[in-house]
Amino acid sequence: MDWTWFHKFGSPPHVYRLAGTLTPWFAWPAGILIIAALYGGLVLAPPDYQQGDGFRIIYVHAPSAWLSTMVYAVMASAAAVGLIWRMKVAHAVAASCAGVGASFTAASLVTGMLWGEPMWGTWWVWDPRLVAQLVLLFLFLGYIGLRSAIDDLGRADRASAVLAIVGVVNLPIIRYSVEWWNSIHQTPSVMKMDRPSMPMDMLAPLLMMLLGFTLFFVAVLLVRLRAEVLRRERGAAWVKEVVS
Amino acid sequence: MFAGLRFAVSAGLCLQVVGDNGAGKTTLLRTLAGLLEPDEGEVRWNGQRVETRSLEFQREFVYLGHQPPLKDDLTGRENLRFGLALRGTAPAGDAGRAIDAALAEVGATALGDRLVRSLSTGQRRRIALAALRLTAARIWLLDEPVTNLDAAGQAVVASMVASQLDAGGIVVAATHQDLGLAPARCPQLVLGRRA
Amino acid sequence: MIGAALAVLARDLRLALRRPGQVLQPLAFFAVVTVLFPLGYTPELDKLRQIAPGVLWVAALLASLLSLESLFREDAQDGTLEQILLAGQPLAALALAKTAAHWLLTGLPLTLMAPMLGIALGVPASAMPGILSSLALGTVTLSLVGAVGAALTLGVRRGGVLLGLLTLPLTVPTLVFGARATELAIAGEGPSGALYLLAALAVLAVTLAPLAVAAALRIGSE
Amino acid sequence: MSEFFHMGGYAAYLWPAYLLTFAVLGWNVLSARRALREARAEARRRLTADREDGA
């Protein structure tokens with residue numbers, strides 16, 4: 001097994017340039033997909049037999065929820081790689097994920113509430129999915145809080161990496177316990193958020209939006225990664241030609 | 001902090017690390033102790049590359065920082081007994097006698113049963129030096145071992161370092177004060193701004 | 001290794017005996033928080049009985065968290081933590097010993113105190129065994145999870161608030177299962193289902209948390 | 001066209017949800033670019049600082 005590709009990804013200057021060239025390749029497809037999915041979801045897709053047009057919130061809620069969890073997983077794995085192989089770039093990736101993940105977790109939370117309100121008659125109901133997203137938001141805020149509380153960048157990287165790993169181990173357990181908690185105290189009508197069987201003309205825009213959001217995340221991650229790599233390599237020689 | 005640093009210390013020698021404040025004396029000692037990760041470079045012990053954080057290597061050295069690592073609410077003796085149990089260095093015969101001997105060597109026999117809280121900084125450092133003796137470590141990493149010690153205290157440090165060297169041990173000390181050793185036995189490593 | 005771990009445990013217990021005040025603070029806090037709820041809600045015992053599980057568990061959770069902040073901070077300040085890190089002993093074992101000392105000094109007393117406070121919330125005496133067993137298990141996990149938070153916020157100024165933000169989300173499962181076990185105990189049904197889940201959490205915490213604490217301590221003392 | 005915006009009576013919930021999500025998308029783009037800009041500026045400042053004290 002030739003590990004040089006692995007080392008290449010470890011070398012900051014290479015990653016800095018690579019991220020720069022790749023960004024547009026993710027940004028443009030993401031934009032096109034999102035706009036297309038927007039049109040598909042709002043105009044082409046027929047109204048839901050139960051919720052009418054209200055169900056179209058799924059096109060922004062589900063992708064946000066998907067990103068919030070996926071980004072945390074990416075953050076935790078990058079943190080693990082950074083901690084185990086002591087790779088600054090991996091810590092830079094983890095640092096780049098935090099802001100994106102937290103923002104989409106908040107978005108999925110609010111869109112979830114907006115979606116549920118007509119059904120439940122109140123803005124907040126202890127629906128297990130909403131609660132799980134809320135706890136995930138706290139995990140993100142804890143990560144960001146710990147990072148900002150430690151001045152030395154190297155130490156902040158490693159300490160927040162431990163937290164991210166502890167968090168990702170606990171996340172499924174927290175979700176299980178919230179579901180379990182919900183099942184023993186039957187809360188008001190639990191609304192089916194994700195459609196198990198959706199006709200294609202409803203499902204297609206959703207899949208496109210999910211892919212669009214994912215590509216969007218990668219594009220934003222690449223831009224933030226360049227910033228984080230620069231922050232960690234300020235003294236390095238290669239920074240001179242790149243910056244001046 | 002520093003780069004391109006190469007040095008070796010063989011048994012029986014005391015390396016005196018000198019340099020103005022901020023030159024990295026403490027950083028170097030903490031890196032040798034494995035508390036800090038060097039960006040590049042390695043530490044070799046007996047010729048082999050060694051992971052400074054490995055448990056085996058940790059048993060070879062003892063690190064004494066600026067502050068005597070003692071609990072205020074414990075007596076000197078209790079602190080020393082804890083140190084022995086922590087490092088698992090069961091001395092020949094019972095621990096009590098070894099502790100008494102160590103306290104005697106640093107001239108702190110009378111202080112042994114008083115709470116560390118009631119001791120002066122100099123007295124605390126003597127208790128810490130007694131703890132040093134009790135570890136069977138071959139390498140001593142000492143950061144400013146003689147600061148705020150009176151003349152008698154400094155003499156104690158000098159004699160302990162000398163006996164450690166005689167026993168074939170190694171000492172790396174970050175201090176400007178003279179340890180009263182023959183220059184041949186005490187090479188200097190000067191850390192400073194690159195000329 | 002065992003000798004060293006026991007030495008750390010014995011040292012912390014001896015230190016606590018030298019300053020009993022510190023051990024009593026979390027217990028007093030537990031009592032105060034529990035007493036506040038009836039004042040903020042109602043004196044009627046049958047109503048209080050319904051919220052008793054949540055009150056007892058949240059109060060116990062906060063009390064054990066409160067006392068965790070100093071778990072490593074004092075050792076870091078007087079330099080003994082460095083000697084523990086460099087003792088040539090597996091750090092996870094020593095971290096477990098420190099956390100066990102915290103549990104013996106805080107988690108266990110809180111558990112033993114809970115039944116008395118339960119009575120103030122109208123909890124029937126028949127529920128005491130269930131409360132004792134669930135809190136005994138739950139406080140183990142709380143101490144371990146909290147120890148990870150305490151180690152991570154070691155070098156941080158005003159780390160107390162951050163410690164709460166880091167640790168509380170991780171205590172959700174313990175709170176959910178623990179409060180449910182207490183609720184079942186109060187209702188007279190066997191709390192076994194929730195107890196098994198609590199036990200599973202405790203086992204998971206005992207095996208994994210010390211590794212995280214060790215890593216965090218090493219990072220925190222650079 | 002107006003019944004499109006009416007969204008079958010859910011307009012008051014649907015449009016805020018979309019607006020918020022796209023605001024989050026926008027914020028991510030802007031904050032990422034700002035982070036990069038600031039990182040480059042900081043690196044440039046450090047380089048000139050190093051050059052001044054003759055590193």
Side-chain angles (χ1 to χ4, degrees), chain B residues 26-27 29-38 52-75 77-90 95 115-117 121 124-125 127-128 131-132 134-141 143, chain C residues 1-23 70-98 100-101 105 151 154-155 210-211 213-222:
Chain B
T26 300
T27 310
L29 281 184
R30 289 175 74 85
T31 307
L32 288 175
L35 290 170
L36 286 175
E37 290 267 333
T52 51
R53 294 195 163 176
S54 72
L55 300 184
E56 296 70 30
F57 183 59
Q58 281 184 355
R59 293 195 188 97
E60 296 286 349
F61 71 83
V62 59
Y63 167 78
L64 186 58
H66 294 290
Q67 210 190 11
L70 302 170
K71 277 290 173 188
D72 288 351
D73 290 334
L74 296 178
T75 68
R77 227 176 271 281
E78 283 167 342
N79 272 295
L80 293 177
R81 198 173 302 118
F82 170 69
L84 269 177
L86 179 65
R87 290 184 72 96
T89 46
L115 284 181
V116 166
R117 174 185 303 287
T121 325
R124 287 168 188 245
R125 187 163 285 286
I127 304 285
L132 207 59
L134 287 168
T135 70
R138 290 200 52 206
I139 307 171
W140 286 2
L141 303 173
D143 201 346
Chain C
M1 174 181 78
I2 305 295
L6 291 179
V8 168
L9 181 62
R11 184 198 70 160
D12 275 15
L13 295 180
R14 188 191 306 252
L15 281 170
L17 295 183
R18 295 278 162 85
R19 262 188 291 156
Q22 239 187 351
V23 176
S70 61
L71 185 60
F72 298 114
R73 194 175 296 276
E74 280 156 16
D75 288 354
Q77 273 153 6
D78 56 32
T80 47
L81 183 62
E82 256 169 21
Q83 296 305 323
I84 290 176
L85 290 178
L86 300 176
Q89 307 288 356
L91 190 51
L94 303 184
L96 186 58
K98 281 285 293 180
L105 294 168
L154 195 55
L211 302 174
V213 174
L217 286 179
R218 217 168 272 125
I219 294 163
S221 58
E222 261 162 21

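The sequence lines fix the lettering, A, B, ..., with proteins before strands; numbering per chain opens at 1.
D73(B) is listed as a side-chain neighbour of R19(C), based on a closest heavy-atom distance under 4.5 Å. When side chains are defined from C-beta on, T80(C) does not count as touching F82(B), because their heavy atoms never get closer than 4.5 Å. Residues L35(B) and R218(C) are not in side-chain contact: their nearest non-hydrogen atoms beyond the backbone lie 4.5 Å or more apart. With contacts defined as side-chain heavy-atom distances shorter than 4.5 Å, the pair L70(B)/D78(C) does not qualify.
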inquiry  = Using the rule given for side-chain contact (heavy atoms from CB on, under 4.5 Å), can you reason through L74(B) versus R18(C), listing the C-alpha separation, both sets of side-chain angles and the distance that settles it, and then say yes or no?
reply    = CA-CA 8 Å; L74(B) 296 178; R18(C) 295 278 162 85; 3.8 Å; yes

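With respect to chain B, the highest number of heavy-atom pairs below 4.5 Å among A7(C), A10(C), G79(C), G88(C) belongs to G88(C). When the candidates E56(B), K71(B), R30(B) are compared by the number of heavy-atom contacts under 4.5 Å with chain C, K71(B) comes out ahead.
A distance of 9.0 Å separates CD of Q58(B) from CD of Q89(C), quoted to the nearest 0.5 Å. Summarising the geometry, atom CG belonging to L86(C) is positioned 10.5 Å from atom CG belonging to L55(B); distances are rounded to the nearest 0.5 Å. For the atom pair L91(C) CG and R53(B) CZ, the distance stands at 10.0 Å (nearest 0.5 Å).
When atom types are taken as modelled, the side chain of Q67(B) and the backbone of Q77(C) share a donor-acceptor pair closer than 3.5 angstrom.
Looking at E78(B), the atoms closer than 4.5 Å to chain C (heavy atoms on both sides) all sit in the side chain, from C-beta outward. Contact of L94(C) with chain B is made through the side chain alone, with heavy-atom distances under 4.5 Å. Interface remark: R81(B) contributes no atoms to any contact with chain C (heavy atom separation under 4.5 Å). For L115(B), the part sitting under 4.5 Å from any heavy atom of chain C is the side chain, from C-beta outward, and nothing else.
Between Q83(C) and Y63(B), the shortest heavy-atom contact is NE2-O, 2.8 Å.
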